[in-house]
Amino acid sequence: MIARRHPVEMGLEGRSSHTVPELLSMTRERRRESYRAELRELRARWLDLLESEIDPSSRPIRPQYIMAVLNDLLDQGAVIALDVGENGWWFGRNFQMRGTQRLIFSGYLGSMGFGLPAAIAAQLEFPDREVACITGDGGFSMVMAEFLTAVKYHLPVRVFILNNRSLGMIMQEQLVEGFPTWQTELQNFDFAEFAENCGGRGIQVTEPDKLEDAVSDALGTDGPVVVDIETDPRRFI
């Protein structure tokens, strides 16, 4: 992977725990206060923008508000398994990691359906930590049978589905490239009822004023739970 994106004069290969301290020993400290002030201002403006987008009254529930609620209520030591899709965009843009929270995601492979199996593995590895899966209806539907695994072993994974009834990321990519949206609509499905049929807990949220209580309820549930949150597939249009 060295120089995969940009050509370099010299590539370094080795453990970062060894190479980074060596590189740091060759640097000198520079303090550019004007640049630091500029970065602080840019960060403050960015956070103000994110705050202005939340809108806790909009229906369908805005993804920005969903992330804000999760940001406030997830434990500071939670392990978060992030699926691939538009849910990942909103998480990366709007969620602020806190405390000792850890994030697991598919990264460059972009494997839809990653979230739930990763959450199950994380709960097995960290049985005393809160584990949350943030996914979309597209990614979850690819692996939803694994919720039975969580029920069988009584693993208290909390699955939060941003249900926009579409393959939202694919739809946006088609729009950006100037193509008509094609085959991105998904079958409307009650994931909360599915969770109940599996023997777990299911919570469906369609109203924004019910979201905080639903998330709190899910986090306090002793066992696997799915929170099916209705959101908007057309918020860029």
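For Arg43, the side-chain contact (heavy atoms from CB on, under 4.5 Å) criterion is met by Leu47, not counting sequence neighbours. Ser58 meets the side-chain contact (heavy atoms from CB on, under 4.5 Å) test with Asp55, Arg62; sequence neighbours excluded.
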Could you give the side-chain donor-acceptor pairs of residues 213-226 under 3.5 Å, partners two or more places apart or in another chain?
unit_1	atom_1	unit_2	atom_2	d
Ser216	OG	Glu212	O	3.1
Asp217	OD1	Arg201	NH1	3.4
Asp217	OD2	Arg201	NH2	2.6
Thr221	OG1	Arg201	NH1	3.1
Thr221	OG1	Asp217	O	2.8

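Note: Phe140 and Phe194 have perpendicular aromatic rings, judged against thresholds of 30 and 60 degrees for the angle between ring planes. Between Phe91 and Phe95, the ring planes are parallel. Angles under 30° get that label, and only those over 60° would be called perpendicular.
In this structure, Leu24 belongs to a hydrophobic cluster whose other members, linked by side-chain heavy atoms under 4.5 Å apart, are Val20.
The side-chain hydrogen bond (donor to acceptor under 3.5 Å, both in side chains) pairs that include a residue from residues 69-83 are Asp83-Thr135, where partners are two or more places apart or lie in different chains. Note on residues 90-101: pairs passing salt bridge (charged side-chain N to carboxylate O under 4.0 Å, His left out), not counting sequence neighbours, are Glu53-Arg93.
No more than 12 heavy atoms of other residues, nucleotides or ligands sit less than 6.0 Å from atom CD of Glu13. Atom CZ of Phe126 has more than 12 heavy atoms from other residues, nucleotides or ligands within 6.0 Å.
Here the straight-line distance linking atom CG of Asp228 with atom CG of Asn163 works out to 4.5 Å at 0.5 Å rounding. Between the CG atom of Leu70 and the CD1 atom of Ile229 there is a distance of 6.0 Å, given to the nearest 0.5 Å.
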